[in-house]
2 protein chains.
Amino acid sequence: MARITGSNGERTALAIRHAALRLIHRHGFAAMSLRDLAAEVGIRPGSLYNHIATKQSLLFDLMHEHMTTLLAETDAALAAAGPAPLDRLRSFIAHHVLYHLERKREVYIANFELRALDAANAARILAMRHDYEARLIGLLEEGAAAGVLATADMRVTAYAMLAMLTGVCTWYKPSGRLDRAAIVALHTDLALDGIRR
Amino acid sequence: MARITGSNGERTALAIRHAALRLIHRHGFAAMSLRDLAAEVGIRPGSLYNHIATKQSLLFDLMHEHMTTLLAETDAALAAAGPAPLDRLRSFIAHHVLYHLERKREVYIANFELRALDAANAARILAMRHDYEARLIGLLEEGAAAGVLATADMRVTAYAMLAMLTGVCTWYKPSGRLDRAAIVALHTDLALDGIRR
DNA sequence: GTCTATATACTGATAGAC
DNA sequence: GTCTATCAGTATATAGAC
């Protein structure tokens with residue numbers, strides 16, 4: 001007999017993940033105690049262990065799920081884009097910015113809590129991050145081959161672009177002055193043409 | 001009678017600051033115990049309190065010293081630059097990148113451990129960060145007034161540029177492929193003209 | 001699956017001898 | 001200024017009743 005969808009156990013597991021995202025984003029993984037987490041969920045500390053193996057595995061699962069989703073969605077966005085290198089690049093930028101606006105907590109954690117993972121887990125997440133960087137480097141190489149863009153160094157340019165595009169996570173608030181489309185357009189312009197006129 | 005320069009106490013205090021920069025950069029402030037710190041310095045945990053008031057004040061002092069130096073050096077770089085808006089902007093970019101290459105640990109801590117400060121200390125560091133951002137926004141406004149650059153939004157453009165320029169902290173290694181001048185040139189080109197050709 | 005209770009270790013910080 | 005010793009609180013994780 002199949003497990004009942006949305007049973008109490010599953011709802012608790014989901015609540016733990018959401019509460020962990022909030023607390024880790026706000027205070028950092030090391031500063032989040034399992035007592036804090038349990039209190040946020042509304043259960044006793046020991047009950048957490050019906051849903052997680054260790055605090056470490058909880059962090060890894062959150063990061064792994066984020067990276068899996070990011071890679072899959074990016075590939076889908078590129079598959080839906082036109083064939084022109086600049087169009088594909090625009091598609092990457094737009095998806096990256098929108099994804100980072102919508103899931104700023106997951107992104108923040110995946111970028112800044114790598115230090116809290118043990119060596120084996122960190123290696124797995126790093127490999128997925130390298131896969132993601134490789135997507136952008138590939139797009140830059142396509143553009144350079146087509147003669148529509150130029151850069152002194154593919155890899156460092158990709159790092160610089162990703163740092164800029166990921167920066168939205170640190171200041172974006174949904175109630176802010178600019179809407180999402182304006183933020184995407186501004187970052188696309190900056191990446192492609194800079195600020196000089 | 002003046003205190004002897006480089007006395008044992010001062011050398012210990014300096015060693016604590018350096019060790020703290022290393023450990024916080026590597027593991028994060030919350031994950032650095034004062035026992036770890038004392039061991040790295042080569043003293044007993046209790047002896048730390050001859051040099052620091054609390055763990056919190058140690059973090060604040062490190063961040064405050066960094067921000068003070070960054071603001072002073074930036075003003076000096078701008079004072080030494082030519083009067084043309086683009087020259088002043090190039091001077092800002094070059095100084096920012098070089099400073100961040102040379103003091104990546106301090107920068108990383110100041111950017112990502114704000115959450116570990118209590119409210120009053122965080123407000124002081126945030127005010128200094130806003131001062132720094134205001135320098136760049138001012139330069140962008142100078143350039144826009146002179147008609148040599150354009151942007152859809154001054155503040156968000158400044159955030160995006162700072163995120164990009166600060167990104168060097170996360171991957172730079174002195175033994176890397178590109179030397180500092182090349183990294184500065186690449187980021188200046190990216191900021192001013194983007195990647196499109 | 002959640003609860004109470006607890007094991008075991010570690011945390012920041014302090015007191016007082018030298 | 002550094003040491004030994006320790007306080008009081010908290011950390012992750014586990015055991016067993018319900």
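First the proteins, then the strands, lettered A, B, ... as listed; each starts at 1.
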Please report, rounded to the nearest Å, how far the [atom2] atom of [N] is from the [atom1] atom of [X].
X: Leu34(A); N: dA13(D); atom1: CG; atom2: P; value: 6 Å
X: Leu48(A); N: dA11(D); atom1: CG; atom2: C1'; value: 13 Å
X: His51(B); N: dG12(C); atom1: NE2; atom2: C1'; value: 17 Å
X: Gln56(B); N: dG12(C); atom1: CD; atom2: P; value: 12 Å
X: Ile16(B); N: dG12(C); atom1: CD1; atom2: P; value: 14 Å
X: Leu37(B); N: dT11(C); atom1: CG; atom2: P; value: 12 Å

Counting heavy atoms from C-beta on, name the nucleotide in [options] closest to the side chain of [X].
X: Lys55(A); options: dA13(D), dC3(D), dC3(C); value: dA13(D)
X: Arg35(B); options: dT4(D), dC3(C), dT6(D); value: dT6(D)
X: Thr54(A); options: dC3(D), dA13(D), dG12(C); value: dA13(D)

Which residue lies more 5' along DNA chain D, comparing Thr12(B) with Tyr49(A) via nearest heavy atoms
Thr12(B)
Find which nucleotide of DNA chain D each of Ser47(A) and Ala31(A) is nearest to by heavy atoms, and output the residue with the more 5' nucleotide.
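Looking at the nearest nucleotide for each, Ala31(A) comes out on the 5' side.
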For atom CZ of Arg44(A), decide whether the heavy atoms of other residues, nucleotides or ligands shown that lie under 6.0 angstrom number more than 12.
no
Inspect the surroundings of CZ in Arg155(A) and state if more than 12 heavy atoms from other residues, nucleotides or ligands are less than 6.0 Å away.
no
Say whether, by atom type as modelled, one donor and one acceptor occur between the side chain of Ser91(B) and the main chain of Ala81(B) under 3.5 angstrom.
no
Strictly distance-based, threshold 3.5 Å: is any side-chain N or O of Lys55(A) a donor or acceptor partner for the main-chain N or O of Met32(A)?
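Side chain of Lys55(A) to backbone of Met32(A), a donor-acceptor pair under 3.5 Å: yes, one is there.
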Indicate, with a heavy-atom threshold strictly under 4.0 Å, whether Ser33(B) touches base, sugar-phosphate, or nothing.
sugar-phosphate
